[in-house]
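Worksheet: one structure, shown below.
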Amino acid sequence: MTTRRRLGEELIDHLRLYHDMGVRWMDKPSEESRGLKQPASEPLAAARGPARPQPAAAAPRIFVPATTMFDDLGGVQESLAQVRDDLGDCMRCKLAPTRRKIVFGSGNPKAELMFVGEAPGAEEDAQGLPFVGRAGQLLTKIIEAIDMKREDVYICNILKCRPPENRNPESDEINACEPFLFRQIASVKPKVICALGTFGAQTLLRTREPISRLRGIFMEYRGAKLLATFHPAYLLRNPNEKRRVWEDMKKIRAYLQSLHRAGPAAS
Ligand code: SF4
């Protein structure tokens, strides 16, 4: 296949995803945002006459779950490799005998954006990598829709081993495995954690609120902003919900961009 044809097919794929997500138009980047033109100076702006009143930007709704505002590592800095070493050939819970491979996580060890799902599925269990099945392919497209690449972000799950028949994780399994997720978060230090799906969000936030109420809201979580959204596997079954995920992803992109504009002190 020629490079041009492959690029064309990738472009069509992307446009289909945007369409599925409810995107009907895209803003053309301004010359100012592309650095081709200086912003208008104050006197120039004044010469254009009184500015129209602008609606105040909506402040993100943020609430702070009391149980998630702590860092229990006492300031110790670990690399992901150290955390993985410590996990070893883990036998800490009853999922060990039935798993094929531990799915620790993958991606940029200093990612600004971290995705956290519930547990590996069959494909992930076979390959030892997170989000590699059809849902994983959709997650890759979602990441690319906000102008990032999969290798820019870090992706992992609360549980590192597949529950048999993809049943829901049980509390003793979460208790055994979650400390490793906390250490991954402390090592990566993401600015934003995107919790994927009902179970992932409810477990991280220690709540039974449905994902429909949790999603789309920034919350404080272990030094990062956490935003929950629907799981890509759910989107495969309910493609109409892609629009809401697109809204959530735009919030994440806008927040990260605001950190970059604010400079290194903020980011
Ligand atoms: S799920 Fe976590 S705690 Fe349980 S065996 Fe796998 S790695 Fe160990």
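In listed order, ligands and their atoms are each counted from 1.
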message: Please identify which of these residues, R222, R183, K160, R206, meets the salt bridge (Lys or Arg N to Asp or Glu O under 4.0 Å) condition with E178.
response: R206

message: Strictly under 2.8 Å, is atom 8 (Fe) of ligand 1 approached by any N, O or S atom of C90?
response: yes

- prompt: Does any N, O or S atom of C93, backbone or side chain, fall under 2.8 Å from atom 4 (Fe) of ligand 1?
  reply: yes

- prompt: Under 4.0 Å between a Lys/Arg side-chain N and an Asp/Glu carboxylate O for E247 and K250?
  reply: yes

field: Worked check of side chain to side chain contact (heavy atoms under 4.5 Å, CB included) between L235 and I142
entry: CA-CA 11 Å; L235 295 182; I142 290 169; 3.9 Å; yes

statement: Per-atom filter on ligand 1: closer than 4.0 angstrom to a heavy atom of R99 are 5 (S), 6 (Fe)

task: May I ask you to list the atoms of ligand 1 that are less than 4.0 angstrom from any heavy atom of L87?
output: 7 (S)

query: Do you know which two heavy atoms are closest between R167 and E173, and how far apart they sit?
result: NH2-OE2, 2.6 Å

- prompt: Between E112 and H260, is any side-chain donor less than 3.5 angstrom from a side-chain acceptor?
  reply: yes

- prompt: So which protein heavy atom does atom 6 (Fe) of ligand 1 come closest to, and at what separation?
  reply: C161 SG, 2.3 Å

- prompt: So which heavy atom in the protein is nearest atom 2 (Fe) of ligand 1, and how far is it from that ligand atom?
  reply: C177 SG, 2.3 Å

